[in-house]
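Working notes, structure below.
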Amino acid sequence: MKSIKIPETLRKLNEIFAKNGFEAYLVGGAVRDVLLGKKASDWDITTNARPEQMMKIFHRVIPTGIAHGTVTIHFMGSEIEATTFRSESGYSDGRHPDQVTFDATLEDDLSRRDFTMNAIAASLADGSIIDPFEGQKDIKSKIIRTVGNARDRFLEDGLRPIRAIRFSGQLNFEIEKETYETIKLTEVQEKIKSISMERFRDEFEKILRSEEPSSALHRMEDCGILKAFIPELADCRNCQQADMRGFHEFDVLDHNLYACDGAPRENQIVRLSALFHDIGKKDAKVIEKIEYPKGSGSFVEQIHFHGHEHYSSEKTKEILTRLKFPNAVISQVTHLIEQHMFFFEENWSDAAVRRFLVRVKPECVEDLFALRIADIYGMHRCKVDPMNDGVQKIFILRERIKKIQSKQTALSLKDLAVNGNDLIKAGIPAGKKLGFILNELFQCVLDDPEMNEKEKLLTVAGNIAAKNT
Ligand code: ATP
Ligand code: MG
């Protein structure tokens with residue numbers, strides 16, 4: 001019988017279960033990942049001990065999901081989720097089983113799980129594998145298959161088809177053919193649409209963290225799930241942008257998806273920004289006919305998307321709000337999208353670089369650069385050459401910014417050598433005009449940092465006030 005190596009912490013945990021007459025098994029994603037030769041991201045345990053019994057035999061147990069028989073055991077510096085063996089029946093709301101029974105066996109417990117690869121248990125006592133649904137075979141052939149009839153299992157819980165697609169992208173597995181076709185059934189599609197935005201978002205976030213999000217997102221498009229949850233993105237299919245200038249070879253949807261692949265995997269803000277950065281192009285598209293070559297009398301089409309970054313940013317705000325992302329994420333992502341068309345030339349003055357820093361905000365600059373590189377990747381889906389003109393410009397701009405930051409010049413109103421009170425003391429009345437004058441002083445200092453001295457600024461303020469009375 002096949003077995004896996006049980007980590008020291010879990011063997012020690014098992015000694016306590018065993019001493020009290022209970023059995024415990026590692027189950028779900030941890031077993032799957034170990035069988036795949038990967039490190040498990042977290043440990044889920046299934047046991048015949050009831051929550052109240054676990055609370056007695058371990059020191060620190062938090063009742064995290066008591067209705068489903070789940071507790072979190074804090075043990076030797078780890079947090080381990082432990083759930084009592086359970087079987088389930090009836091899913092009238094498509095998510096919560098109507099009945100959870102705790103007098104279940106290990107086999108019952110495994111049979112309620114979603115996919116064969118997730119329905120394998122390993123005894124904590126000796127690591128021996130219990131695999132009633134041949135999950136190991138499916139893992140070997142890289143196949144995702146439901147435990148039992150796919151239609152029934154998908155109709156019980158509309159999240160499962162999305163999980164299937166998420167796992168397929170994350171693990172580079174195929175969804176078994178009939179299982180995949182089942183996802184497209186109208187009744188299953190209806191069930192999928194009924195899941196909560198939060199549950200969808202959690203899976204969507206896991207897709208964004210996978211190596212190539214485009215893989216799962218393409219499958220989501222093919223199954224109609226993208227259209228159901230993010231129609232704005234699905235609608236970018238066939239929005240063509242390739243013209244004779246050769247910048248783009250993909251339509252807007254594929255370009256967005258591949259840009260997302262090209263964004264740093266661990267940076268959710270940049271991945272989201274890349275995924276949605278051109279989503280407003282459809283609204284901004286203008287086709288211009290130009291004579292090419294000049295004087296030839298023959299005309300070619302040139303495609304423009306002036307101002308698309310504003311449409312993209314607005315649409316993204318709607319999408320992320322609907323998907324219930326935190327406000328901080330929404331504002332960072334929409335800001336990057338709004339700024340993603342920045343255009344730097346080496347002949348920029350220092351004042352222009354300072355204005356760029358004010359507009360973008362110093363803490364967002366590196367993310368904006370990462371978004372530009374992702375955008376370049378998404379144009380042809382190939383490794384970005386460091387000698388690429390766009391990349392070279394980023395290197396140069398980064399150096400210019402470093403230089404400016406080392407001089408500690410004023411980059412916000414707070415850094416000015418005068419504040420509102422100083423102006424009031426100098427005789428300028430409080431009110432709207434005061435704000436205007438402060439802003440003018442700031443622009444003046446951005447142009448010439450040497451102006452950032454109290455005396456000089458009060459003189460300028462006096463001049464502006466006199467001119468505007
Ligand atoms: P990962 O943690 O890497 O995302 P996982 O397989 O551990 O993958 P979890 O969401 O942590 O996924 O769930 C743990 C286990 O619970 C799964 O392996 C599966 O056995 C079971 N499970 C989770 N969600 C469902 C569901 N919607 N329907 C049936 N079983 C589920
Ligand atoms: Mg897990």
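- When ring centroids are compared, Phe356 and Phe342 come within the 6.0 Å threshold.
- Classification of Glu314 and Lys317 as a salt-bridged pair fails, no side-chain N sitting under 4.0 Å from a carboxylate O.
- Of the residues listed (Thr47, Thr70, Asn20), the one engaging Met54 in a side-chain contact (heavy atoms from CB on, under 4.5 Å) is Thr47, and it is the only one.
- Of the inter-residue distances, the one linking His306 atom NE2 with Lys281 atom NZ reads 11.5 Å to the nearest 0.5 angstrom.
- In this structure, Glu107 places its CD atom where only 12 or fewer heavy-atom neighbours from other residues, nucleotides or ligands lie under 6.0 Å away.
- Salt-bridge formation is detected for the pair Glu174/Arg219: a Lys NZ or Arg NE/NH1/NH2 atom is positioned less than 4.0 Å from an Asp or Glu carboxylate oxygen.
- To the nearest 0.5 Å, the span separating CD1 on Ile129 from CD on Gln136 amounts to 5.0 Å.
- The CD1 atom of Ile404 sits 8.0 Å away from atom CG of Leu411, with the distance rounded to the nearest 0.5 Å.
- Taking CG from Leu257 and CD from Glu212, the interatomic distance works out to 11.0 Å, rounded to the nearest 0.5 Å.
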side-chain contact (heavy atoms from CB on, under 4.5 Å) between Arg354 and Leu357, worked out: CA-CA 5 Å; Arg354 282 191 289 271; Leu357 267 181; 5.6 Å; no
Run the numbers on Ile57 and Phe22 for side-chain contact (heavy atoms from CB on, under 4.5 Å), then give the verdict. CA-CA 11 Å; Ile57 63 175; Phe22 298 115; 4.1 Å; yes
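- Here Glu345 pairs with Lys393 in a salt bridge; the nearest charged N to carboxylate O distance falls below 4.0 Å.
- Glu232 pairs in a salt bridge (Lys or Arg N to Asp or Glu O under 4.0 Å) with only one of the listed residues (Lys282, Lys315, Arg322), which is Arg322.
- From Ile120, atom CD1 reaches atom CZ of Arg32 across 9.5 Å, with rounding to the nearest 0.5 Å.
- Under 4.0 Å is where a charged nitrogen must lie from a carboxylate oxygen, and between Glu366 and Arg398 at least one such pair does.
- Taking CD of Glu338 as the reference point, atom OG1 of Thr316 lies at 10.0 Å (rounded to 0.5 Å).
- With respect to Asp235 and Lys227, a salt bridge is recorded, a charged nitrogen being found less than 4.0 Å from a carboxylate O.
- The residues Arg271 and Asp261 are annotated as not salt-bridged, no charged nitrogen and carboxylate oxygen being separated by less than 4.0 angstrom.
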